[in-house]
Amino acid sequence: MEKFDFINSEIFFREKWKNNNAFKQYTAVAGKENYYVLEMLPYPSGKLHMGHVRNYTIGDVVARYKTMNHFNVLHPMGWDSFGLPAENAAIQNGSHPAVWTFANIENMKRQLNLLGFSYDWEREIATCTPEYYRWNQWLFIKMFEKGLAYKKKASVNWCPHDKTVLANEQVENGCCWRCGTNVIQKDLEQWFFKITDYSEELLQDLSLLEGGWPDKVLAMQKNWIGKSQGTQVDFTLEGSDSKIPVFTTRPDTLYGVTYVVLAPEHPLVSHILSINPSIKAGVETMKSEDRFERSSEFSEKHGLYTGQNVINPINGESVPLWIGNYVLMDYGTGAVMAVPAHDTRDFQFAKKYSLEIKVVIQNSNNSLCATSMETAYTEEGTLVNSAQFSGLQNRESIEKFTLHLSEIRAGDFTTKYKLRDWLVSRQRYWGTPIPFVYCENCGMVAEKLENLPIALPQDIEFTENGNPLSTSESFMNCSCPKCGKSAKRETDTMDTFVDSSWYYFRYITPHEDNAMFGDSVNKWMPVNQYIGGVEHAVLHLLYARFFTKVLRDIGMVTHAEPFTNLLTQGMVLSNSYFCPDCKLYFNLTELNERKTCPKCNLPLTVKMEKMSKSKNNGIDPERIISEFGADAARLFILFAAPPERELEWSENGLMGASRFLSKYWNFIQENLNVYQNIDFISVETLSSSGKDLLKNLHKTIKKVTRSIEDNFHFNTAIACVMEYLNLVSSLKSSLSTEEDKKLIFHIMKNLTLLLQPFVPFITAKIFIDLGYTQDIHTIDWPKYKESLTVDNIVKMGVQVNGKLRGELEIAADASEEVIKSEALKIDKVGKYLENVEIIKIIIIKKRIVNIVIK
RNA sequence: GCCUCGGUGGCGGAAUAGGUAGACGCACAGGACUUAAAAUCCUGAGGUAUCUAAUACCGUGCCGGUUCGAUUCCGGCUCGAGGCACCA
């Protein structure tokens with residue numbers, strides 16, 4: 001028997017699908033519901049990695065499954081093709097970033113097609129093309145007009161390695177998300193999107209996503225937005241009218257305030273320095289401290305006494321005013337009231353500088369004493385030393401304090417968020433130019449919409465120094481859109497996350513020339529199923545939600561959320577091989593049989609961890625495809641773990657997948673010519689094995705369907721098919737009747753349909769071999785008859801006092817009386833029942849009998 | 001410290017409106033085929049005890065609860081992964 005020639009089959013069907021435009025989406029198919037399945041678009045780095053393969057395989061199964069289930073499926077793919085690596089490559093080898101980028105796109109597109117993904121390539125987009133990024137510019141100007149884009153001087157995150165600023169979301173543990181370099185702070189004039197206008201809605205609408213998005217992602221976004229409800233309290237600088245508002249969630253401790261601390265960047269600080277210049281140097285040092293160092297919980301808190309005092313509005317008391325490195329200007333009001341008795345941080349600070357400690361909340365044994373306390377008391381208790389509030393339960397007093405402050409006009413309820421505005425300008429070439437010009441007469445002016453796109457210039461030299469755009473005469477020099485006089489262009493470009501914040505709209509009308517997208521977006525959006533990595537939980541996924549709300553508010557779309565369902569696929573892990581002596585990681589392909597260090601021959605440390613360049617444990621998808629075939633690669637990835645969990649790469653597991661495909665292939669080849677195109681089975685004339693197989697076929701169809709529908713657990717879906725094929729091979733020798741032979745054909749056809757979404761190449765080949773002429777991916781998904789999935793005879797476990805003692809085969813509809821008497825007849829059960837009293841017998845039909853004895 | 005998720009054989013993982021734990025696959029062992037190997041096929045297997053079978057007991061991180069019955073529900077721990085973290 002011939003083996004499956006996956007190499008030639010894959011070539012054949014790739015060509016066929018391409019020539020026939022097999023996965024083109026015809027939007028006009030009537031009577032079908034639309035279904036938009038989308039995978040996060042890749043950055044064209046050059047080659048697919050296993051993470052891509054997993055992501056896109058999952059998406060492809062969904063697309064193919066939904067297509068077979070009568071949906072109009074939209075399944076597009078494109079390229080997030082602006083970004084630094086292209087520019088760095090250009091600096092290194094002197095070519096243009098576009099050349100590098102499009103070469104990478106070509107290669108990765110070829111690789112995607114190797115895997116048989118069912119994309120509608122007519123909808124392909126690349127964000128680095130002027131046809132795409134002109135709409136970034138268009139929206140930017142719209143947002144500027146609405147006050148949602150603005151420019152201001154601010155202390156911003158600067159990556160010295162990538163030589164550009166970064167948004168807060170792009171700083172991880174104080175390091176650049178891309179290159180890992182320590183981020184520093186710089187005061188720069190930068191562009192921002194006012195995402196904070198949407199803080200509350202971005203938070204509230206998370207409830208619309210419950211059930212559709214993983215809890216983890218919802219929680220991460222909630223924390224990132226960081227809503228905190230509290231009270232603003234206005235302290236007054238003693239001897240002046242200057243108010244110092246502070247934000248607190250604990251107004252109940254107001255009588256315990258013994259000092260107030262300002263951030264060194266607080267606007268009042270310059271006034272204080274003019275009165276007390278002696279601390280100027282100290283303040284400057286504080287400001288120059290690394291921001292992430294400074295805001296780390298573990299770094300030393302320190303402060304300076306200003307020489308000034310402030311008045312506590314609740315009691316008119318005068319307390320010292322300090323400046324402290326741990327107070328952040330960009331959260332709350334940049335000033336905090338300190339209650340050392342009841343706040344851990346304030347307590348440490350007060351001890352360090354010998355500041356007063358005042359107890360205002362007593363514990364239940366009344367034992368708190370300021371002089372003997374060793375830590376702050378942060379639990380609940382009763383208010384003391386708090387004038388008319390004394391005696392109240394502290395939690396319950398919070399509202400009363402705030403109402404009182406409001407009455408005396410010294411404070412009110414207020415809400416703060418941790419979310420900051422999105423810094424979107426970048427000092428690099430390979431991004432969307434920000435469409436503004438600077439005119440000596442008119443100042444900063446937005447470009448006219450009809451002049452868009454403002455295209456990236458070609459006369460560019462790529463060097464290590466500065467933004468290359470500023471070296472282009474043709475780009476820099478322009479005329480003012482307002483007065484027409486000569487002017488200079490903005491040289492900053494947009495963060496590439498702007499591109500990916502709305503690309504899913506563009507796929508719907510990718511060739512629309514007159515607008516960002518056409519009206520039909522509302523027929524397809526929101527995306528039914530979005531699939532991608534969890535690393536974008538507070539980056540792309542937050543920005544995309546923000547953009548959708550902005551687009552709704554300018555009347556472009558009708559919905560509030562872009563992605564109804566989100567699947568975050570797990571990481572792909574594989575063994576890394578580390579030599580502790582040479583301090584080197586080796587790739588599996590460089591190792592000998594014994595897996596010892598190729599350099600020093602000592603044993604290597606083997607560890608299962610995320611595939612990465614630094615661990616040198618990546619597996620090249622293309623090697624896998626050429627050795628085992630695309631189907632085997634897809635099948636293994638889907639089978640080894642449920643999609644949301646981590647996937648451990650295993651060459652043996654891959655061989656298992658491959659082995660299953662051979663079994664399936666062989667089964668088909670053995671029975672190919674027995675019958676063709678017979679789709680009618682008369683149950684009565686089947687042999688008993690035949691009946692058994694038919695029933696189990698329907699059970700299998702049901703289980704596979706459920707596994708996919710319920711939670712995309714493709715691993716169990718595939719397991720069911722494997723189980724069924726095992727059953728078929730064990731029973732096929734006992735098939736005897738003519739009807740049985742027809743059944744075999746019926747089984748071959750349905751198994752093939754069930755496997756199609758997972759392994760498209762082999763199933764396409766077999767479908768043709770079975771005598772069909774249509775493309776298999778356009779055929780209806782098999783249906784099961786509920787009546788055939790229920791058994792007439794069932795197995796029931798028989799327990800005595802909850803322990804399994806025997807088993808019973810009995811008619812599914814047997815009465816309790818019959819079940820009881822049959823259960824008691826079982827020898828293995830009976831021996832536990834001698835000389836004991838049976839208290840009761842519990843019968844759960846089709847499942848279990850439990851005999852309770854004394 | 002806070003938030004989220006998780007802990008089941010040698011391994012990846014099944015099974016939860018509470019009802020026969022370990023499907024499917026990998027690895028392993030034995031056998032068949034072969035001059036031999038590979039490939040393929042068949043068989044076996046949670047652990048402990050007994051020579052084997054039969055059997056008994058133990059078993060879903062730990063302790064306790066509810067129940068005829070708990071991997072599943074409840075309470076308390078513990079360990080691991082990920083995220084946030086001086087947020088006032």
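Labels below follow one simple rule: chain letters A, B, ... track the order of the sequence lines, proteins then strands, and each chain is numbered from 1. Side chains included, hydrogens not; waters and symmetry mates left out as well; all remaining heavy atoms used.
- In this structure, E651(A) atom CD and C11(B) atom P are separated by 21 Å, rounded to whole Å.
- Using a 4.5 Å heavy-atom cutoff, the side chains of N696(A) and E723(A) are not in contact.
- The side chain of W224(A) lies closest to A85(B) when the candidates are A23(B), A85(B), A88(B).
- In G9(B) the O4'-C1'-N dihedral to the base is within 90° of 0, which defines a syn nucleotide.
- Comparing atom distances between the R345(A) side chain and each of G25(B), G19(B), A88(B) picks out A88(B) as nearest.
- Comparing the C1' positions of C33(B) and C41(B) gives a spacing of 8 Å, expressed to the nearest Å.
- Between U71(B) and A21(B), the two C1' atoms lie 8 Å apart (nearest whole Å).
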* What one-letter contact string describes nucleotides 52-67 of chain B from 5' to 3', where B marks a base within less than 4.0 Å of any protein heavy atom, S marks contact via sugar-phosphate atoms alone, and - marks no contact? -> ---SSSS---------
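- G226(A) comes within 4.0 angstrom of no nucleic acid atom, judged by non-hydrogen atoms across all strands.
- Among G13(B), A14(B), G19(B), the nucleotide with an atom closest to any side-chain atom of I848(A) is G19(B).
- As judged by a 4.0 angstrom heavy-atom cut-off over every strand, K610(A) is placed among residues making no nucleic acid contact.
- Evaluation of atom-type donor-acceptor distances gives a pair under 3.5 Å for the side chain of N850(A) against the base of C68(B).
- By the 4.0 Å N-to-carboxylate-O rule, D791(A) lies close enough to K699(A) to be salt-bridged with it.
- Counting non-hydrogen atoms under 4.0 angstrom, V327(A) reaches a base of the nucleic acid.
- As rounded to whole Å, 17 Å separates atom P of C86(B) from atom CE of M329(A).
- Here, G76(B) and U72(B) have their P atoms 16 Å apart, quoted to the whole Å.
- Between W224(A) and E169(A), the side chains place a donor N or O and an acceptor N or O closer than 3.5 Å (distance only, hydrogens not considered).
- Candidate nucleotides G83(B), A23(B), U20(B) were compared by shortest atom distance to the side chain of A719(A), and A23(B) ranks first.
- Taking atom NZ of residue K845(A) and atom P of nucleotide A17(B), one finds them 21 Å apart after rounding to whole Å.
- Side-chain atoms of L328(A) lie closest to A88(B) of the nucleotides G19(B), G82(B), A88(B).
- By the 30° and 60° cut-offs, the orientation of the rings of F4(A) relative to W665(A) is tilted.
- Phosphate contact (OP1/OP2 of U16(B), side-chain N/O of R847(A), threshold under 4.0 Å): absent.
- We find that CD1 of I244(A) is positioned 15 Å from C1' of A88(B), with the value rounded to whole Å.
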* **Dot-bracket pairing map - RNA chain B, Watson-Crick plus G-U, both contacts under 3.5 Å, | cross-strand** => (((((((..(((......[....))).(((((.......))))).((((.....))))..(((((..]....))))))))))))....
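- Spacing between C58(B) and U4(B) at atom P, rounded to whole Å, works out to 37 Å.
- Look at the C1' atom in both G7(B) and G59(B): the space between them is 15 Å, to the nearest Å.
- Residue contacts for N726(A): at a heavy-atom cut-off of 4.0 Å it reaches the sugar-phosphate backbone alone, with no base atom in range.
- Listed nucleotides U20(B), A14(B), C68(B) differ in distance to I842(A); the shortest reach to its side chain belongs to C68(B).
- Comparing the P positions of G10(B) and A32(B) gives an interatomic distance of 30 Å, to the nearest angstrom.
- Among E822(A), M796(A), E807(A), the one residue that satisfies the side chain to side chain contact (heavy atoms under 4.5 Å, CB included) test with V849(A) is M796(A).
- Here Y326(A) does not reach the OP1 or OP2 of A88(B): none of its side-chain N or O atoms lies under 4.0 Å away.
- Relative to the side chain of V336(A), the nucleotides G12(B), A88(B), A14(B) differ in distance, and A88(B) lies closest.
- In this structure, L661(A) places its CG atom 13 Å from C1' of G25(B), rounding to the nearest Å.
- Residue V852(A) is in sugar-phosphate contact alone, with no base atom involved, counting any heavy-atom pair closer than 4.0 Å across all strands shown.
- Aromatic ring centres of Y353(A) and W322(A) lie closer together than 6.0 Å.
- When heavy atoms are screened at a 4.0 angstrom cut-off, N652(A) is found touching the sugar-phosphate backbone but no base atom.
- Each of E172(A) and G334(A) lies near RNA chain B, and the nucleotide nearest E172(A) is the one positioned closer to the 5' end.
- A perpendicular orientation is assigned to the rings of Y377(A) and H342(A), their planes being inclined by more than 60° (bins at 30° and 60°).
- Separating the CD1 atom of I851(A) from the C1' atom of C68(B) is a distance of 11 Å, rounded to the nearest angstrom.
- At the heavy-atom level, E807(A) lies under 4.0 Å from base atoms of the strands shown.
- Closest contact between the side chain of M220(A) and the listed nucleotides G82(B), G83(B), G12(B) involves G83(B).
- For C41(B), the OP1/OP2 oxygens have no side-chain nitrogen or oxygen of R659(A) closer than 4.0 Å.
- Straight-line distance between the P atoms of A85(B) and C3(B): roughly 16 Å, to the nearest whole Å.
- When each of V261(A), N325(A), D346(A) is tested with K301(A) by the rule side chain to side chain contact (heavy atoms under 4.5 Å, CB included), just one qualifies, namely N325(A).
- Between E200(A) and Y417(A), the side chains place a donor N or O and an acceptor N or O closer than 3.5 Å (distance only, hydrogens not considered).
- Looking at heavy-atom distances under 4.0 Å, Q799(A) makes contact with a base.
- For the C1' atoms, the distance linking U60(B) with A23(B) amounts to 15 Å, nearest Å.
- Listed nucleotides C24(B), A15(B), A88(B) differ in distance to Y331(A); the shortest reach to its side chain belongs to A88(B).
- Rounded to whole angstrom, the span from the CZ atom of F660(A) across to the P atom of G12(B) amounts to 23 Å.
- Using the six-membered ring where Trp is involved, W649(A) and F636(A) have ring planes that are perpendicular, over 60° apart on the 30 and 60° scheme.
- Toward the 5' end of RNA chain B, the nearer of the two residues M571(A) and M796(A), judged by each one's closest nucleotide, is M796(A).
- Across all strands shown, K418(A) has heavy atoms under 4.0 Å from base atoms, whether or not it also approaches the sugar-phosphate.
- If you check every strand for non-hydrogen atoms under 4.0 Å, P642(A) touches sugar and phosphate atoms only.
- Distance NZ (K699(A)) to P (A23(B)): 17 Å, rounded to an integer number of Å.
- A 4.5 Å side-chain heavy-atom check between Q232(A) and D412(A) finds every atom pair outside the cut-off.
- Ring pair F349(A)/Y259(A): centre-to-centre distance below 6.0 Å.
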